[in-house]
Protein chains: 2
Amino acid sequence: MSEKPRVSLAVVKRLPKYYRYLGLIADKGIIRVSSQELSKITGLTASQIRQDLNHFGGFGQQGYGYNVEELKSEIEKIIGIDKSYKAIIVGMGNIGQAIYKYRGFNEASGFKIVGLFDKDKNTIGRTMSGIKVNDIKNINKFLQKEDVDIAVVAVPADSAQEVCDILVEGNVKGIWNFAPIDLKLPKDVVLENVHLDESLFTLTYYMNNLKDYPGTKN
Amino acid sequence: MSEKPRVSLAVVKRLPKYYRYLGLIADKGIIRVSSQELSKITGLTASQIRQDLNHFGGFGQQGYGYNVEELKSEIEKIIGIDKSYKAIIVGMGNIGQAIYKYRGFNEASGFKIVGLFDKDKNTIGRTMSGIKVNDIKNINKFLQKEDVDIAVVAVPADSAQEVCDILVEGNVKGIWNFAPIDLKLPKDVVLENVHLDESLFTLTYYMNNLKDYPGTKN
DNA sequence: TAGATTGTTAATCGATTAACAATC
DNA sequence: TAGATTGTTAATCGATTAACAATC
């Protein structure tokens with residue numbers, strides 16, 4: 001009855017990095033890679049890389065290393081990029097529009113954008129690359145008809161919580177939040193924040209406190 | 001001759017959060033706040049809050065707590081938001097444009113955007129809210145005339161390093177990078193990454209591995 | 001003064017690194 | 001077989017939490 005310890009946030013945040021580098025070396029036609037070689041290109045320690053990967057299974061082989069394609073495909077599955085996701089974007093301001101056009105967030109990458117929503121009368125009804133922007137008031141009805149996995153929240157901070165409550169009600173499973181606020185969500189709805197303000201302030205902090213700057217450990 | 005230990009990344013990443021909440025409670029007209037009250041609204045422990053703040057000085061008072069305005073203004077100085085910064089944006093695609101229009105990154109917030117650059121012939125020469133988009137080839141010359149503190153890098157991954165080398169040469173002090181790549185910079189040029197791909201993959205990981213999801217600890 | 005709450009030290013917890021036996 | 005490199009345990013390091021004396 002012993003339960004596995006949960007995989008820590010630190011490990012999870014490194015997975016996309018592994019995936020990115022494996023893509024790069026796969027593109028070079030490289031077949032095998034050792035933790036030591038991965039260490040050199042990623043800047044992480046070989047020990048940490050082996051430790052991380054072993055949370056998910058023994059993908060390597062003693063004396064050989066890891067098969068690049070195989071490891072890449074395993075990580076793909078672990079991250080869940082092998083699946084496809086239906087998404088909507090709420091708030092079609094600067095950020096919302098940028099995410100809509102963002103290359104990493106389209107059907108080719110497994111994310112199908114099925115709805116766009118905004119509050120502004122001038123934006124509602126406009127067609128953006130084939131999708132008509134819907135009134136934010138209709139999200140509710142929309143979610144009853146359509147099974148949406150992910151909602152991008154790109155509305156102002158003061159309406160973000162309200163929007164999320166509706167999204168949760170509509171059975172959205174993950175929220176990619178760009179509003180500068182800490183949202184309250186039930187624990188089975190996954191939240192991932194992109195807090196641009198915090199990122200920018202981290203930059204200015206280190207510009208003013210170079211002595212604390214750890215180099216690129218972040 | 002004992003040197004202070006550097007302030008850890010974990011602490012630095014929490015400072016903007018303190019600043020944000022202090023702004024909110026200051027707006028409510030609240031005068032004083034205890035670490036316990038801050039704990040309740042931020043979700044961090046009171047112990048951690050006191051520990052964090054004491055890296056920078058004893059801003060509180062026993063039996064009283066912290067003066068909201070004073071603490072806010074101290075953190076402002078620590079983060080460096082009291083200063084003003086000259087910035088350029090390199091790459092005027094979706095992300096570059098969104099950042100240009102982003103409310104948190106304009107003169108009112110202390111960031112003066114003095115130049116926009118792109119590689120694309122159709123974009124160069126266009127005027128965006130008063131600034132003409134310049135050819136990326138001219139960054140070099142531009143930086144010789146103008147003292148730029150921060151450069152936003154929003155070009156494709158495969159040209160990001162090349163662009164950064166020019167920025168470093170031109171004495172830029174901080175780089176806010178949106179390209180999905182780990183840049184190599186001298187250690188006195190501060191790098192802050194916004195890796196949207198990694199953020200999105202963290203979201204899908206937890207959607208597929210709810211058992212590991214720590215709630216909103218990130 | 002009595003109560004409240006900080007600043008700070010000590011204890012705990014968790015993540016990273018080192019080491020090495022297992023094994024391809 | 002000999003060499004290489006993993007998987008995994010143990011040691012170290014660092015960050016968080018608990019506790020409490022200092023003090024407003």
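Values below: all heavy atoms of this structure, side chains included; hydrogens, waters and symmetry mates excluded. Throughout, protein chains are lettered first and strands after them, A, B, ... in sequence-line order, and every chain is numbered starting at 1.
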Without decimals, in angstroms, what is the distance between [X] [atom1] and [N] [atom2]?
X: A:F56; N: D:dG7; atom1: CZ; atom2: P; result: 14 Å
X: A:Y64; N: D:dA4; atom1: OH; atom2: C1'; result: 13 Å
X: B:L9; N: D:dT16; atom1: CG; atom2: C1'; result: 15 Å
X: B:R50; N: C:dT9; atom1: CZ; atom2: P; result: 14 Å
X: B:D52; N: C:dG7; atom1: CG; atom2: C1'; result: 13 Å
X: B:D212; N: C:dG14; atom1: CG; atom2: P; result: 15 Å
X: B:Q62; N: C:dA2; atom1: CD; atom2: C1'; result: 16 Å
X: A:I49; N: C:dA18; atom1: CD1; atom2: P; result: 13 Å

*Which distance, rounded to the nearest 0.5 Å, do you find between the CD1 of B:I166 and the CD1 of B:I139?*
6.0 Å

*Counting only distance, no hydrogens or angles, is the base of C:dA15 paired donor-acceptor with the side chain of A:S8 under 3.5 Å?*
no

*Looking at D:dT5, does its base get a donor-acceptor pair with the side chain of A:Q61 below 3.5 Å?*
no

*So which nucleotide from D:dG7, C:dT6, C:dT8 ends up closest to the side chain of B:Q51?*
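Between D:dG7, C:dT6, C:dT8, the one nearest the side chain of B:Q51 would be C:dT8.
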
*Please give the nucleotide sitting opposite D:dG14 as a Watson-Crick or G-U wobble pair, both distances under 3.5 Å, or none.*
C:dC13

_Return the pairing partner of D:dA21 with a 3.5 Å limit on both distances, Watson-Crick or G-U wobble; otherwise return none._
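Answer to the pairing question: C:dT6, which forms a Watson-Crick or G-U pair with D:dA21.
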
_Tell me whether the side-chain N/O atoms of A:S35 come closer than 4.0 Å to OP1 or OP2 in D:dT6._
yes

*Is the distance from OP1 or OP2 of D:dA4 to the nearest side-chain N or O of A:Y66 less than 4.0 Å?*
no

*Would you classify B:R6 as touching base, sugar-phosphate or nothing, given that sugar-phosphate means primed atoms plus P, OP1 and OP2, and contacts are heavy atoms under 4.0 Å?*
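No contact.
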
*asked:* At 4.0 Å (heavy atoms only), tell me whether A:S47 reaches a base, stays on the sugar-phosphate, or touches nothing.
replied: base

_Residue whose nearest DNA chain C nucleotide is more 5′ - A:R14 or B:F59_ = B:F59

*With a 4.5 Å heavy-atom cut-off, do A:R50 and A:Y66 have their side chains touching?*
yes

*With a 4.5 Å limit on heavy-atom distance, are the side chains of B:I75 and B:F59 in contact?*
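A side-chain contact under 4.5 Å is absent here.
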
_Candidates A:Y85, A:F111, A:Y100 - the one meeting ring-ring contact (aromatic ring centres under 6.0 Å, His included) with A:F105_ =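 So the option named by the test is A:F111.
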
*Take the angle between the ring planes of B:W176 and B:Y102 and call it parallel below 30°, perpendicular above 60°, tilted in between.*
tilted

